[in-house]
Peer 1: 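Let me begin by handing over the structure; questions about it come next.
Keep in mind that this is a model prediction, so the values were computed, not measured. A note on names: the letters A, B, ... follow the listed sequences, proteins ahead of strands, and every chain is numbered from 1.
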Amino acid sequence: SAHYTPVTPSNLCKPRRLYISFSDVGWENWIIAPQGYMANYCLGECPFPLTAELNSTNHAILQTMVHSLDPEGTPQPCCVPVRLSPISILYYDNNDNVVLRHYEDMVVDECGC
Amino acid sequence: LSLQESLLLKSLGLSTRPSPKTPVPVPSVLWRIFQKRKTLPSTNKDLADGSRVEEFNVPGNIIRVFTDQGHFIHNGQPQRLLCLQKRLYFNLSVLEESERLTMAQLEIKFSQNSYHASSQGQVFELRLYQTFQMSLRGMSSHEHGRELLVEQSFAQLHKSLLFNLSGVAKGWRTQSRNLGLILEISVSGGDDAAAPRTGRLQSLCTSIDSFVDTSLLVVTLSPQQCKASRRRR
């Protein structure tokens, strides 16, 4: 028989705020813009049963079921980014040229199990 | 550099932390594109093709504006009808080998839209020459080492003139083949016009004095930064 421990919603798998400040890493003299950006990260539980808003794969559903039956043997599925968006960075290169560069998958918009 | 910083720079496609010496003003074209992308809603960002620069309708995910490292060429007394002669040089060696150059646009800027009374209606001629192997066998005059790329006349009404140099710039990726360009702007006098007196020539060239500088905007596509096609859930 599966034992079922209710999970408070706040620790379900979802994006958590994380602001990256370029001046904190001492990059403010070559990065023109932005000065920083919200990168976020994923954190939280993927409990059995997985609800729809947890963006889970079929395998994750399977794994939570097995975890509920054998918590010691099989861990919960991971909470990972499932939708990311890009950012552009404007900076000076070593030759004082101005560069606008596009970087994919730099912001976590959605997490899933 | 700490290990973390060098790994982060590497993920951003940079081998070292840039250290600009004399930062130049940010070109307005880049600032506009940057602001436009920044204000895109995140759902649109996800759909936008990050490997294409829609403003120029070419593939690309890096846009650089190179500052001109050339110099003015002074030949003592002004030559026949010549107002300006300048060597242009853009150092493209910063481009990574894996980057594919998809566009290069030369911009010649003047300080203002110039409707000088003195040069009202004055037509100028602009020539761009590509210079190549200058003195293989001790040729002293570099005149022979150039090839005409562009020749057009213009009435100096606009703040800047744009020229597509994508083909030429691709050749500049080999540093030894990058000997720059020569820009000439002269008073359009036609063939039969006699060379005006020096004073008159200088007054005709006045509006060309509003020449500010040149820059080269280059778009490249770096395959590492292209989005791996990720299956949607």
Side-chain angles (χ1 to χ4, degrees), chain A residues 13 15 18 20-40 50 52-61 77 80-113, chain B residues 2 4-5 8-9 11-14 16-27 29-31 33-38 40-48 50-53 60-67 69 90-94 215-219 222 225-228 230 232-233:
Chain A
C13 169
L18 170 66
I20 302 286
S21 160
F22 293 131
S23 51
D24 279 357
V25 293
W27 287 3
E28 66 280 6
N29 68 334
W30 62 276
I31 288 190
I32 302 167
Q35 293 183 332
Y37 79 100
M38 286 299 279
N40 304 325
L50 283 180
E53 70 261 22
L54 284 177
N55 261 332
S56 46
T57 62
N58 290 337
H59 182 275
I61 294 169
V80 293
V82 293
R83 193 165 71 84
L84 297 119
S85 49
I87 69 167
S88 287
I89 296 182
L90 203 51
Y91 65 90
Y92 290 110
D93 68 12
N94 269 327
N95 293 332
D96 296 339
N97 301 313
V98 181
V99 185
L100 174 62
R101 197 158 181 159
H102 180 86
Y103 292 103
E104 290 291 350
D105 300 338
M106 290 285 278
V107 179
V108 170
D109 292 321
E110 278 184 38
C111 299
C113 298
Chain B
S2 67
Q4 292 93 331
E5 183 178 22
L8 184 55
L9 283 168
S11 74
L12 295 176
L14 300 167
T16 60
R17 183 199 295 193
S19 55
K21 298 156 201 68
T22 52
V24 297
V26 177
V29 60
L30 290 191
W31 187 251
I33 295 173
F34 171 77
Q35 289 295 348
K36 188 177 161 203
R37 288 177 180 180
K38 199 173 90 173
L40 265 182
S42 76
T43 46
N44 286 25
K45 274 180 189 167
D46 196 17
L47 298 174
S51 300
R52 183 167 201 82
V53 179
N61 45 19
I62 306 173
I63 309 173
R64 295 185 177 87
V65 173
F66 290 86
T67 45
Q69 298 175 12
F90 305 99
N91 179 1
L92 297 194
S93 63
V94 296
S215 57
L216 186 73
L217 182 144
V218 174
V219 178
S222 164
Q225 292 298 326
C226 280
K227 188 169 208 155
R230 215 174 148 160
R232 260 182 202 290
R233 284 186 187 227

Peer 1: Nearest 0.5 angstrom please: A:N95 CG to B:F66 CZ, how far?
Peer 2: 8.0 Å
Peer 1: Roughly how far, to the nearest 0.5 Å, is the CG atom of B:L9 from the CH2 atom of A:W30?
Peer 2: 5.5 Å
Peer 1: Look at atom CD of A:Q35 and say whether more than 12 heavy atoms of other residues, nucleotides or ligands are closer to it than 6.0 Å.
Peer 2: no
Peer 1: Give, as side chain, backbone, both or neither, the part of B:L12 having an atom under 4.5 angstrom from any heavy atom of chain A.
Peer 2: both
Peer 1: Heavy-atom pairs under 4.5 Å with chain A: which of B:N91, B:L8, B:V218, B:V53 has the most?
Peer 2: B:L8
Peer 1: Who among A:I31, A:D93, A:I89, A:N29 has the most heavy-atom pairs with chain B under 4.5 Å?
Peer 2: A:D93
Peer 1: How long is the gap from OH on A:Y92 to OG1 on B:T67, to the nearest 0.5 Å?
Peer 2: 10.5 Å
Peer 1: For B:W31 and A:V98: C-alpha separation, side-chain torsions, deciding distance, then whether side-chain contact (heavy atoms from CB on, under 4.5 Å) applies.
Peer 2: CA-CA 10 Å; B:W31 187 251; A:V98 181; over 6 Å; no
Peer 1: Under 4.5 Å from any heavy atom of chain B, what part of A:V25 do you find: side chain, backbone, both or neither?
Peer 2: backbone
Peer 1: For A:E104 and B:N61, run side-chain contact (heavy atoms from CB on, under 4.5 Å): C-alpha distance rounded to whole Å, both residues' side-chain angles, the deciding distance at 0.1 Å, then the answer.
Peer 2: CA-CA 10 Å; A:E104 290 291 350; B:N61 45 19; over 6 Å; no
Peer 1: Does any backbone or side-chain atom of A:I32 lie under 4.5 Å from a heavy atom of chain B? Answer side chain, backbone, both or neither.
Peer 2: side chain
Peer 1: Starting at CG of A:N97, measure out to CG of B:L92 and round the result to the nearest 0.5 Å.
Peer 2: 9.0 Å
Peer 1: Identify the heavy atoms of B:F34 and A:S88 that sit nearest to each other, and give their distance.
Peer 2: CE1-O, 3.2 Å
Peer 1: Between B:V94 and A:N94, is the side-chain contact (heavy atoms from CB on, under 4.5 Å) condition met? List the steps.
Peer 2: CA-CA 8 Å; B:V94 296; A:N94 269 327; over 6 Å; no
Peer 1: Go through the atoms of A:Y91 and report whether side chain, backbone, both or neither lie under 4.5 Å from a heavy atom of chain B.
Peer 2: side chain
Peer 1: For B:S222, is it the side chain, the backbone, both or neither that has a heavy atom under 4.5 Å from a heavy atom of chain A?
Peer 2: side chain
Peer 1: Could you point out which residue of B:L30, B:I63, B:I33 forms a side-chain contact (heavy atoms from CB on, under 4.5 Å) with A:L90?
Peer 2: B:L30
